[in-house]
2 protein chains.
Amino acid sequence: MNEKNIPAIVISRLPKYLITLEKLHNQEIEKTSSNELGALLDITPAQIRKDLSFFGGFGKKGSGYSIPNLIHVIRDILNLDIVWDVAIVGAGKIGQGLALYEGFLNRGFSIKVLFDNDPNKIGQRVGVHQIYDIRNLQVIIQDLNIKVALVAVPQAHAQKVADQLVQAGIKAILNYTPVYLTSPNSDVVILQIDPILQLQNMTYYLK
Amino acid sequence: MNEKNIPAIVISRLPKYLITLEKLHNQEIEKTSSNELGALLDITPAQIRKDLSFFGGFGKKGSGYSIPNLIHVIRDILNLDIVWDVAIVGAGKIGQGLALYEGFLNRGFSIKVLFDNDPNKIGQRVGVHQIYDIRNLQVIIQDLNIKVALVAVPQAHAQKVADQLVQAGIKAILNYTPVYLTSPNSDVVILQIDPILQLQNMTYYLK
DNA sequence: TTGTGTGAATTCCTTCACAGCG
DNA sequence: CGCTGTGAAGGAATTCACACAA
């Protein structure tokens, strides 16, 4: 299904379609159209149809898309048919905030462990999660076979942590520090969440 | 200088150039080239030169760009010649984490106020910041003439808060909730930071 | 010689417009 | 009819390649 080389920009829109479809689904709506979806997302209907057509024809001519089916299909494309276990590195405010956030599970992710290097934090709980010693990071991640990690440590430690994660077999890193992380391993996906990059982008349009 | 209609994608790269230039600057490096910058950012040199040429010719043929000058120019383009005051709405873990983060100031932003609706939190301090009653949001934001806000409230309240912010004169909102915020006012810039959208994007490339 | 700035070429992405199916 | 799926057209963004200035 996702054999061909799908443009990254197409993939990046699928999660947006998904969250909107799930919202409609929660309202017990069963069908939608590229028109309706486009209006909700501020994306042209043609764009949505073309994006979906990369993967097959999921709609019915004249009547649109079955929402449950389209949710299923998109989750499948994005490999969200399974729940991904997640490790959080750094139990500061951001790390703890992420650990306590309850929105992960029904969108395909389950927080499994939380690491810190502060002896006062190690062993403590954050919600249902225990904080583990970062020195055990590699062993635990390998044992639990975790592939996805969030990095929320002080920026000075970010690259070192990333290296350890990659060595432990992590394949996707979401980086909350303002450091460009690199991996020698080219099959690791790294994305950055730097709020200041976004703010600096917005200020261009002000004034 | 930024009169013409510059593609948004060009603007979105300028903060990345800036953070890299600042990093070089901290290492006391005075000059760089589109080649060097491109290697650091994984962007082609031609792309960088073309982006910068939208705003003028800032390099010297044969020798490249003066880093202090280019930093100055980009900050100027992005309206970062002034420091923007910022309000944070929501003093949960994420809001507090943002409030305590010390990286804002030297990148052009200064956290000025923090709001919450929890009586137990109102009046407390988070670092140097005091938590204010969200009922005073509009008055305080107007009085302080704040234009930039971070929203880190539970998602059920996100749109209501955004409406209040817009009414108080906020022009840029960085939204940490997984809700698509809208503004009747089209001169308000809203960007979303939803970690799950990013994670769902990454899982496509796994397995 | 080096590395910018930029038209031209190319590649990529979006939108159009409509045949065709339900 | 209504709405999808899709070739073809159009538009945007990236890359090429080179004249030119330091």
Side-chain angles (χ1 to χ4, degrees), chain A residues 1-18 20-21 24 29-74 77 201 204, chain B residues 1-17 20-21 24 29-74 77 201 204-205:
Chain A
M1 176 181 277
N2 42 20
E3 295 309 327
K4 302 176 207 75
N5 224 30
I6 313 287
I9 197 163
V10 171
I11 301 303
S12 75
R13 279 189 294 262
L14 296 183
K16 299 180 188 178
Y17 300 163
L18 186 57
T20 307
L21 289 164
L24 293 172
I29 302 170
E30 286 286 313
K31 296 193 94 49
T32 189
S33 64
S34 58
N35 244 288
E36 182 181 33
L37 214 47
L40 291 171
L41 281 162
D42 209 17
I43 291 178
T44 65
Q47 175 95 84
I48 293 172
R49 295 202 301 279
K50 178 134 287 196
D51 283 353
L52 295 175
S53 78
F54 275 99
F55 306 96
F58 307 122
K60 290 221 190 325
K61 304 194 180 195
S63 75
Y65 300 90
S66 150
I67 289 179
N69 179 248
L70 197 48
I71 287 174
H72 175 80
V73 162
I74 294 179
I77 294 167
N201 192 327
Y204 173 78
Chain B
M1 176 179 275
N2 40 23
E3 295 309 326
K4 304 176 206 72
N5 224 29
I6 313 288
I9 197 163
V10 171
I11 301 303
S12 76
R13 278 189 295 261
L14 296 183
K16 300 180 187 176
Y17 300 164
T20 307
L21 289 164
L24 293 172
I29 301 170
E30 287 286 312
K31 297 193 93 49
T32 189
S33 64
S34 59
N35 243 288
E36 182 182 32
L37 214 47
L40 291 170
L41 280 161
D42 210 15
I43 291 179
T44 65
Q47 176 95 85
I48 294 172
R49 294 200 302 278
K50 178 136 287 197
D51 283 353
L52 295 176
S53 78
F54 275 100
F55 306 96
F58 306 122
K60 290 218 190 327
K61 304 195 179 193
S63 74
Y65 300 89
S66 150
I67 290 178
N69 178 248
L70 198 50
I71 288 174
H72 175 79
V73 163
I74 294 179
I77 294 167
N201 191 327
Y204 172 78
Y205 299 98

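Labels below follow one simple rule: chain letters A, B, ... track the order of the sequence lines, proteins then strands, and each chain is numbered from 1. Remember, it's a predicted structure, so these values are computed and weren't measured experimentally.
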Legend entry - side-chain N/O B/Y65 vs C/dT2 OP1/OP2, d < 4.0 Å: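 Result: no.
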Legend entry - Presence of B/S34 side-chain N/O under 4.0 Å of C/dT4 phosphate oxygens OP1/OP2: yes
Legend entry - Toward the 5' end of DNA chain C, by each residue's nearest nucleotide, A/V10 or A/S63: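 On the 5' side of the pair lies A/V10.
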Inset, instruction - On DNA chain C, check which nucleotide each of B/L52 and A/I43 is closest to and give me the residue with the more 5' one. - result: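 Taking each residue's closest nucleotide, the earlier one in sequence belongs to B/L52.
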Among [options], the one nearest [X] by side-chain distance:
X	options	value
B/I9	C/dG5, D/dA13, D/dG5	D/dA13
B/S33	D/dG5, C/dT4, D/dT4	C/dT4
A/Q47	C/dT15, D/dT14, D/dG5	C/dT15
B/A46	D/dT15, D/dG5, C/dC13	D/dT15
A/R49	D/dT6, D/dT14, C/dT6	D/dT6
A/P7	D/dC18, C/dC13, D/dT14	C/dC13

Inset, instruction - Name the nucleic acid region contacted by B/P45, choosing base, sugar-phosphate or nothing; use a 4.0 angstrom heavy-atom cut-off, strictly under. - result: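 Nothing, no nucleic acid heavy atom in range.
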Distance-minimising heavy-atom pair for [X] and [Y]:
X	Y	result
A/R13	A/I43	CD-CD1, 4.0 Å
A/I29	A/K31	CG2-O, 3.4 Å
A/F58	A/F55	CZ-O, 3.5 Å
B/I77	A/Y204	O-CD1, 3.3 Å

Let me know the distance between [atom1] of [X] and [atom2] of [N], rounded to the nearest Å.
X	N	atom1	atom2	result
A/N35	D/dG2	CG	C1'	10 Å
A/I48	C/dT15	CD1	P	11 Å
B/I6	D/dA12	CD1	C1'	14 Å
B/F55	C/dT4	CZ	P	17 Å
A/K61	C/dC18	NZ	C1'	11 Å
B/E36	C/dT4	CD	P	10 Å
B/D51	D/dT15	CG	C1'	12 Å
B/D42	D/dT15	CG	P	11 Å

Legend entry - Candidate list A/R49, A/K50, A/Q47, test side-chain hydrogen bond (donor to acceptor under 3.5 Å, both in side chains), partner A/S34, passing option: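 Going through A/R49, A/K50, A/Q47 one by one, the side-chain hydrogen bond (donor to acceptor under 3.5 Å, both in side chains) with A/S34 is satisfied by A/R49 alone.
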Inset, instruction - Can you check whether any acceptor in the base of D/dG7 is under 3.5 Å from a donor in the side chain of A/K50, or vice versa? - result: yes
